[in-house]
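The chains referred to below are lettered A, B, ... by the order of the sequence lines, with proteins before strands, and numbering in each begins at 1. Every value quoted in this text rests on a predicted model; they were computed, and no experiment measured them.
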Amino acid sequence: MAKAPKVARAHPLAGRQFAGNGVTLAPVDIASRVSLRAEAGALADIGKLLGFALPTRPKTSAAKGRRTALWLGPDEWLITDATNQRLAATLAKAEPAGCSVVDIAHRNTAIEVSGPNAAAALNAGCPQDLRAAAFAVGAASRTVLAKAEIVLLRTGEDAFRVECWRSFADYVWTYLVDAAKSA
Amino acid sequence: MSFTPPPAAYRVAGKGRLSPAKTVSFTFDGRRYSALEGDTVASALLAHGVHLVGRSFKYHRPRGILSSGPEEPNALLDVARDATRRQPNVRATTQEVFDGLIATSQNRWPSLALDVGAVNDAFARFFPAGFYYKTFMWPRTAWERLYEPVIRRAAGLGTAPTEPDPDRYANRFAHCDLLVIGGGPAGLAAALAGAKAGLDVIVCDENAQFGGSLLAESRAQIDGEPAGRWAETMADQLRAMANVRLLPRTTAFAYHAQNMVSLAERITDHMAAPDTDAPRERLWQVRAERVVLATGAIERQLVFADNDRPGVMLASAAREYLNHYGVAVGRKIGVYTACDSAYAAAFDLAEAGSEIVAIVDARDNPDSALLARANDLGVKVLTAHAVTGTTGRRRVRSMTVEPMHQSVRRKVEIDALLVCGGWTPSAHLFSQSRGKLAYDAANGRFLPDAPAQNCVCVGSCNGTDDLAGAIAEGAAAAGGEAKVDVAEAPSMTGHLIGAAKGAGVGTTSKAFIDYQNDVTAKDIRLAVREGMHSIEHVKRYTTTGMATDQGKMSNLHALAIAAEALDAEIPQVGLTTFRAPYTPVTFGTFVNHARGPLFDPTRRTPMHAWAQRNGAVFEDVGHWKRAWYFPRGAEDMGEAVNRECATTRQVAGIFDASTLGKIEVVGPDAVAFMNLMYTNPWDKLAVGRCRYGIMCREDGYIYDDGVVGRLAQDRFHVTTTTGGAPRVLNMMEDYLQTEFPDWKVWLTSVSEQWAVIAVNGPKAREIIEPLVKGIDMSGEAMPHMSVREGTICGVPTRLMRMSFTGELGFEINVPADYGATVWDAVWARGERMGMTPYGTEAMHVMRAEKGYIIVGQDTDGTVTPHDAGLSWAIGKKKTDFVGIRGLARPDLVASGRRQLVGLKTKDPNIVLEEGAQVVADPNQAVPMTMIGHVTSSYWSQVLGHSIAMALIEGGHERMGETLYVPMANETIAVDVCDPVFYDPDGGRLDG
C-alpha cells in the first residue's frame, strides 16, 4: 500500500484571508474527496466501508468523525475525509457492487464562509434559500455562486463550506469578498 | 468663497415632517440652494419658488415639477456627487438632497431660461405625430449624416456619463413567505398581519419613509391618532420584529414567473459621505411564497390647453409638498379638478396661508360636504366649469376659466395650478405577473381581476379607496384581520379621462397627455385618422407612453381619446402592455458584482505562476489563460515560436496541457458506452494502452476528439479538447440518462483533478525517467500510446506516452495540487539538458506539421471523419455509434465534399492567411467559384517553408494539383499535398 506523498499540496488559495462586515473567509484543507456514483444495491457496501449510511434525501448530508457524505443527486455523492488521504482507495473496494469511485481530492477546493453575515454574502451570488428552515445545519446542495458551480454545505448556524473546482477558486473567493463587503 | 443661500421663501413654518434644524445645501444649474434633510430636489427647489426645471423633449417647452413621486415625467435632472459620479434623467421628485449634491437641468441650450430649441414650439405644426416616419424618408444616406445626429442632439434627455462608474453595486437573492410591495396603509397592515402570524416578511417601499399616501395626510385619523403617526408606529413595530425586513428606498420594478420579484434598493444616493465599501444600489431577487401588491394609485392630470406650464401640478403632489415637506407650491393657487381628492389639497393650502383663487370643478354636483367646507374656508368653488387655457412662460401666470356649457372666458391670475383628473390604480406589477385587468366603467379605471400567480392586490391599487377598507383588505391578504376607526380620510371619488373642455375633437390646442414625449390629445386623434386603430399602434405612432415614465399618467387619457375617435368603448381599444422595469434601473444594479475581475471567471492552471515568472505571454482559451509563447530577450512571437519548435524537436519541450478536458468513465458497461460514443472500436484496446478517439454528433459531423487510455477493463481515462470538456460530458450524460439509463457506467469530470505536464522531444524519456517510480518507461515496456500508473517525485501519476508534436512524448498527469512541484522538478532536470518551455502557438505549429487536426479550427461542425481523413478511426465492423446513421446520409457520402488536405505555397516564404478562400482558376470572373478555405497556416521552421491545411472540394482526389488563393494584392499559387508534412513514417515518435 502506497504511503501518503511527502510532497506538500498547494492549495490554490493558500495565504488568502478575509474578515470584515460580519463575514470571515478562509481556505480549508480537505485531504480526500471522492465522487461516488452508485446504484441502490451498492449503498450498503459503501456504508460499511464509510462507517455510516449515505444520505438519500435531496439537500442532505451525513457525517461521522472527519468524514462527510453530501447527497448531490439520486445516484451521486460527494464524500470527503478531512485528514485521511486514502478515502478513494478505501471506497474503491465497493466498486464491484455497482458503483464508481473517482478520486477528486484535487479537483475541488474549499472555502469556509462564516460569521453572522455568511448567508447574506453567499446569497449575493447563490440563489438558494438559505434560511435555517430551508437549509438547516448539515444541508448540502450543488448550486451556483454567480457564474461558478459550487457545492454548498452548512456546517453551523453561521458557517458554510463552499466547494468549487480548483480553477474557479479565485473567482469564487473574489466574489465572496466583494459580496461580504456589501453584505 | 462663502455664500449663504437665500432663505426658502415658500417653506411654511410648522408644516411638514422635516426638521428645520437639519439643513444641507446643493446646487441647481450652478446656483446654491439650502434644503432640509429629507427634502427631495423637487421639494427643496419648490421651497425656493423654483418651478422651471426642464425643457420638454420635442418642443423644448419650459416644464416644471408635476408630481411628487416616481411618475414624474418632467422634472428630470442630471444629478452628480462629483466628477465621476453623475447620472442623467434623475427624477427630482424622488432624488433626496444630500449636502453637496449637484443638479443640472437637461435638454436646453444655452440655458434653461433661454433655450434655442424652443423654436420647435413655434413650428409645432411641422412636427405632428408620426413626423419621423413621414419626413426623413429620403435620401437614405442623410439619415446617418444629417437627420439622426441632429435629431439626437435636439431631442433627447440627458447625456450619459463617459467615465467608468466608480461606485460598487450588489446583488442579493432572498426568499420569504410574504413580500409586501408598497408601505402605505394597506401594505403596512398586510405586513403586520403576516409578521404576527410568524411569516418571514419583506416589505419594500420606494420612498425613504413608510406610509405611502398617509405621508401627505393632514386631517385623517386612524384609531384616534393622526394617520401619519399611525404609519410611523406600524413601521416601528415591523422594524422591531426579527422576521421582518423593511426595505425603504426600494422599488419593486419587475414581477417575473414563479413569484420572483426584482427590487432595486438605493442605498447611498441620499448620503453626503457614504462608506466607500457600501454599495450604491442593491438588486434584490426575491422569491416569495405570496406577494401582496399594495402599490397604490397615481393621480392623473386633466387634459386641457397648455396644461404643461411650470406651476401646473398634481393636487396630491401639492398636498404632499405641504404636509410632508412643509412647502407651499404657490401663494395664489388655482385648482382644476374632476375628483374630490383635490379639495383636500386646496383646503390644506388655504389653511396654511396660501390663497386658493378658485376650485374649478368639471362636475355639476360635487359632494355637498366639500362645498360646505370650502364655504367655511372662504374658498370659491366653480362647479361645472373648466380651465381652458393658461399663460406664463417660465411659470404659470393665469388660468382661463369657462363655464362648462357656455363660452364666457375669464382670466384669473395665479402662480400655481393644481390639477386632478382622478386616480389610476398602479396595476403595473400585477399586469407583469400576467394577472388580467378588468375595466371599471363607473370609475373610469382598470382594476386587477384574476391573478395568475400567488399574489393579491390590496388598497387603492385594487380600487379600494376608503382608508379603513384598504387597511382591512391589507390585513386580510396576509391572513389577518384589522378593524380600524378612520376619521376624515379624503375621498377619491370622481374622474375625468380623455380630453377636457377645449381639447376635444376639432380643437388644435396643445393639451398634453404625455409630457415627457410631448404627445397631445390632437396627436392621438391624428394617429387614429391615419389608420392606427389599435392602441398598440397609436402608442408607437405617437410615442405616447413610451418615455421613461412609461405613461404612468398618460396611458388612460390616450386610451380614452383614441376610443372616442374610434367611437368605441375603452376595453375594445385595448390596453398597452405593462413592461418591466416599473421605473428606470441603473445598469450598475443589473451588473452588480459582475465587473472587472468578476465579469467572468478567469481559470488558471496549477502551473500558471511558473509560466508568469518565466515571461509567458498568455492567450484566452474559453475561460482559461494559457501560455501562448515564452519570448526570451527581444524575441518577437515568430522568433520565440520558431525557437520553441526547434528546441522541442531537437532536444525537448515542456508544455502545460492541464486545461484538456478529462472524463473518467467507470463501470462494467464502460467499454460498451465508449463503443457507442466514439466512432472507434474499443473492445480490443488492452488495459494500459491508449487510442485516439473521434466523437461525432448524430448528424455524423465531428464533435470532439482526444486520446483515451484504458486503465482497467472497466475504467477509461478520456481526454477531450479544452473547449469541449463541458459539452462532451453533457452529451455523454444525455445519452446515458435518456437512451441507456440501465447501463452500469458512470462519468466523472476529472479535468481539474489532474495537472498535465507534457514533455516532448528526443530527450523526453531521459528527462522524466529518473523522477518516475514503479513504471518501466523503456520503449519496449511502454510503447507509443500507452498509459501506466506509478509515482513521480513521490506523488501518484497517470503517465501517458503519446504525442501531439510527432516527437517522443509523455503526458504526466499528477493530482493538481502537486502540479507546480512536479513541473519544477521536471523543469530543473530538463533545463540542464536544454529543454524549452513551449506555449500553445508552438504546439499548434508542431501538430500542423504532423497533420493533426484541431477540432473547431480544422473542423467547423460540417466536417465528417472521412472529410478529415480520419476514416481509419471509424470501426468498420461496428453496427452502432453516435453518428453512424448520419454518416450514411446521401450528402455525406456524395463526392465533391470539402476534404482536409495540405497546401504548400509555390513560394515557400509566403504564409497563407487562415480563412483565405481557395479557387481552381484565378482568371475566372468575379465572383469566383470558391472551392475551399484555409483552416490552419504557419511558418514551419523545421521544414524551412510555410505549411497550411485546407478544406477543399474533393480534396483527397486533388493531390498534386495547383490551386490559387486570391488575396487583395496578389494571387498565391499553392500545391495540394498530404497534410502530414513532417516525419510521415512516424519514426520520431520513438525518439
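Although no hydrogens or angles enter the test, the distance criterion places a donor-acceptor pair under 3.5 Å between the side chain of Arg37(A) and the main chain of Leu747(B).
Interatomic distance, Cys176(B) SG to Asp129(A) CG, rounded to the nearest 0.5 Å: 9.5 Å.
Within the 4.5 angstrom heavy-atom criterion, atoms from both the backbone and the side chain of Asp600(B) approach chain A. Neither the backbone nor the side chain of Ser658(B) comes within contact range of chain A; no heavy atoms are under 4.5 Å apart. Using a 4.5 Å cut-off between heavy atoms, Ala133(A) does not touch chain B at all. Looking at Gln285(B), there are no atoms closer than 4.5 Å to chain A (heavy atoms on both sides), in backbone or side chain. Residue contact with chain B, scored on non-hydrogen atoms closer than 4.5 Å, is absent for Asn108(A). Contact annotation for Trp754(B): neither backbone nor side-chain heavy atoms come within less than 4.5 Å of a heavy atom of chain A.
Contacts of residues 155-183 of chain A with chain B at a heavy-atom distance below 4.5 Å involve Trp165(A), Arg166(A), Ser167(A), Phe168(A), Asp170(A), Tyr171(A), Thr174(A), Tyr175(A), Asp178(A), Ala179(A), Lys181(A), Ser182(A), Ala183(A), listed in sequence order. Chain B is approached within less than 4.5 Å, heavy atom to heavy atom, by no residue from residues 63-73 of chain A. Residue-level contacts of residues 140-154 of chain A with chain B, in order of numbering, are Lys147(A); threshold 4.5 Å between heavy atoms.
For the set Asp75(A), Leu122(A), Val102(A), the entry with the most heavy-atom pairs within less than 4.5 Å of chain B is Val102(A). Most heavy-atom pairs under 4.5 Å with chain B, from the set His11(A), Glu95(A), Arg33(A), Glu76(A): that is Glu95(A). Across His106(A), Arg107(A), Gln128(A), the residue that shares the most heavy-atom pairs under 4.5 angstrom with chain B is His106(A). Looking only at heavy-atom pairs under 4.5 Å with chain B, the residue among Ala134(A), Ala120(A), Ser35(A), Gly20(A) that has the most is Ala120(A).
Nearest approach of Asn171(B) to Ala124(A), heavy atoms of both residues: ND2-O, 2.8 Å. Smallest separation of non-hydrogen atoms from Pro12(A) and Asp817(B): CD-OD1, 4.0 Å. Here the closest non-hydrogen pair linking Val7(A) and Cys793(B) is CG2-O, 3.2 Å. For Arg715(B) against Val101(A), the heavy-atom pair with the smallest separation is NH2-O, 2.6 Å. For the residue pair Arg131(A) and Asp200(B), the shortest heavy atom distance occurs at NH1-OD2, 2.6 Å.
Take Trp746(B) and apply the ring-ring contact (aromatic ring centres under 6.0 Å, His included) test, not counting sequence neighbours, and it matches no residue.
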